[in-house]
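Written out below as structure tokens is the structure these notes cover.
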Amino acid sequence: MKSRVKALRVVRHGLVFSGLVAVLMGTTSPLSHAQDVTSREGIALQNQILGLKQTLSQMQASQGEGGALPPPSATPATGGGAANGDLVSQLLERVNTLEQQQRDMRGEIDQLTNDLQQKTAALSKQMADSQFAAQAGAGAAAAAAPAAATAADTAAAQPTTPDGLLSAGKAALQKRDYDTAHDNAEAALKNAKGAFRVDAQFLLAQSLAGQKQYRQSAVAYYDAYRQSPKSGRAPDALLGVTASLLALGDKKAACEALGKLNKEFPSPAPRVAHAAETFGRKGNCNG
């Protein structure tokens, strides 16, 4: 009698468990339900539940008729009490197995749901980043277009002839933009000839002196004098040599350059004569 009571309890437990499994399978999301139905584990679990329900139905029918409970296994029982005990043990074991399978499947469902949410979030972030990069690239291209146009206009306005380069260099020299004057002078020297070349060399020396590169400016001034020693630029070139050497502190060499100026140009222009007198006092050339 006690064995049958236990069996009835197991039957009720199985029916409750079957109802829970049915509810669980009916309340999951459409995606999870589709995965459960189509998976092999879900089909196998449903078959086991159906088999258990059939066994329980048979047990209920047998009990109502007053008959013996049918054994779920093929092994013949030696006695009624032993058969009932084996039946209860087997049913309990099967219920525990199904419960564990249910927990495993619920864990798999939760894991799949979490993976899907993470992948969806990652995809949304990637799409947002792509849209931001595209908008930023379009904005940078739009901002770069005016700058490129300005650079092209500046390049187009840049002089290329020796005369144009000299004019631009002299204008930069007046603004004390010695770097630009230096670049224009070097560019003009590449193609300048005759008087243009002497002027370009003199502009180069002036830009070097403005940059306080006095040793290089002294050489550049002397090259301007050497290219045309009888031209109107020659006295100014020798004055530039004298001034650069005085800036370096080489008074002896400065006085030699000033003596060459006084010897070759004994009657210079008043401007040149005044500058030579001033440089002579600074270098103590008459002492």
Side-chain angles (χ1 to χ4, degrees), residues 146-265 268-287:
T150 302
D153 294 340
T154 302
Q158 183 70 24
T160 57
T161 63
D163 189 13
L165 290 168
L166 284 173
S167 298
K170 291 177 182 179
L173 190 68
Q174 291 179 354
K175 297 177 182 178
R176 297 185 179 181
D177 186 0
Y178 302 117
D179 293 337
T180 301
H182 181 272
D183 293 341
N184 288 334
E186 286 189 331
L189 281 172
K190 294 179 180 179
N191 298 317
K193 296 179 181 180
F196 284 118
R197 186 170 186 82
V198 176
D199 289 344
Q201 184 66 36
F202 191 80
L203 177 62
L204 178 63
Q206 289 177 304
S207 66
L208 290 170
Q211 293 172 338
K212 297 183 179 181
Q213 300 183 29
Y214 298 116
R215 191 175 302 279
Q216 292 88 336
S217 67
V219 174
Y221 275 124
Y222 189 78
D223 285 343
Y225 160 77
R226 184 175 53 80
Q227 289 178 13
S228 183
K230 301 299 181 181
S231 67
R233 282 291 186 190
D236 291 328
L238 289 175
L239 281 176
V241 173
T242 303
S244 297
L245 292 173
L246 286 174
L248 289 172
D250 192 350
K251 293 183 178 181
K252 181 179 179 180
C255 290
E256 290 177 356
L258 189 59
K260 187 176 182 63
L261 171 63
N262 293 330
K263 180 179 178 180
E264 295 188 8
F265 302 94
R271 174 182 56 79
V272 176
H274 179 71
E277 183 180 356
T278 302
F279 291 154
R281 288 196 302 268
K282 287 184 178 179
N284 196 20
C285 297
N286 297 327

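Given the structure is predicted, the values throughout are model-derived calculations rather than measurements.
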Item to complete: Among residues two or more places apart or on two chains, list those pairs meeting side-chain hydrogen bond (donor to acceptor under 3.5 Å, both in side chains) that have a residue in residues 229-239.
Response: Asp199-Arg233, Ser228-Ser231, Asp236-Arg271
Worksheet item: Of Asn184, Asp183, Leu189, which is the lone residue that meets side-chain contact (heavy atoms from CB on, under 4.5 Å) with Leu165?
Response: Asn184
If you look only at distance, which donor and acceptor atoms sit under 3.5 Å apart when one is on a side chain in residues 202-212 and the other is two or more places apart or in another chain?
unit_1	atom_1	unit_2	atom_2	d
Ser207	OG	Leu203	O	3.4
Ser207	OG	Leu204	O	2.7
Gln211	OE1	Gln213	NE2	3.2
Gln211	NE2	Asp179	OD1	2.8

Discussion item. Could you tell me if the side chain of Leu261 sits less than 4.5 Å from the side chain of Thr242, heavy atoms only?
Written reply: no
Worksheet entry | Point-to-point distance, once rounded to the nearest 0.5 Å, from NE2 of His182 to CD of Gln216 | 8.5 Å
Discussion item. Using side-chain heavy atoms (C-beta onward) and a distance below 4.5 Å, is Ser217 in contact with Ser244?
Written reply: yes
Item to complete: With sequence neighbours left out, write down each residue that passes side chain to side chain contact (heavy atoms under 4.5 Å, CB included) with Thr278, or none if nothing qualifies.
Response: His274, Arg281, Lys282
Discussion item. Does any part of the side chain of Phe196, heavy atoms only, come nearer than 4.5 Å to the side chain of Leu166, both counted from C-beta?
Written reply: yes
Worksheet item: Who passes salt bridge (Lys or Arg N to Asp or Glu O under 4.0 Å) against Arg215, sequence neighbours left out?
Response: none
Discussion item. Quick one, Lys260 and Tyr225 - any side-chain contact, counting heavy atoms below 4.5 Å?
Written reply: yes
Item to complete: Using the ring pair (Phe, Tyr, Trp, His ring centres under 6.0 Å) rule, collect all pairs that involve residues 242-263, keeping only residues at least two apart or in two chains.
Response: none
Worksheet item: Roughly how far, to the nearest 0.5 Å, is the CG atom of Leu245 from the OH atom of Tyr214?
Response: 12.0 Å
Item to complete: Would you name the heavy atoms of Leu173 and Ala181 that are closest together and state the gap between them?
Response: N-CB, 4.1 Å
Discussion item. I want to check something: taking the side chain as every heavy atom from C-beta on, are Phe265 and Val272 in contact at a cut-off of under 4.5 Å?
Written reply: no
Worksheet, complete the sentence: On a heavy-atom basis, the closest approach of Ala218 and Val241 is O-CG2, 3.7 Å
Run the side-chain donor-acceptor check on residues 249-257: report pairs under 3.5 Å with partners two or more places apart or on a different chain.
unit_1	atom_1	unit_2	atom_2	d
Asp250	OD1	Ala253	N	3.3

Practice prompt. With rounding to the nearest 0.5 Å, note down the distance linking CG in Asn262 to SG in Cys285.
Written response: 9.0 Å
Practice prompt. Over all heavy atoms of both residues, which pair between Leu258 and Phe279 is shortest? Give the atoms and the distance, please.
Written response: CD2-C, 4.2 Å
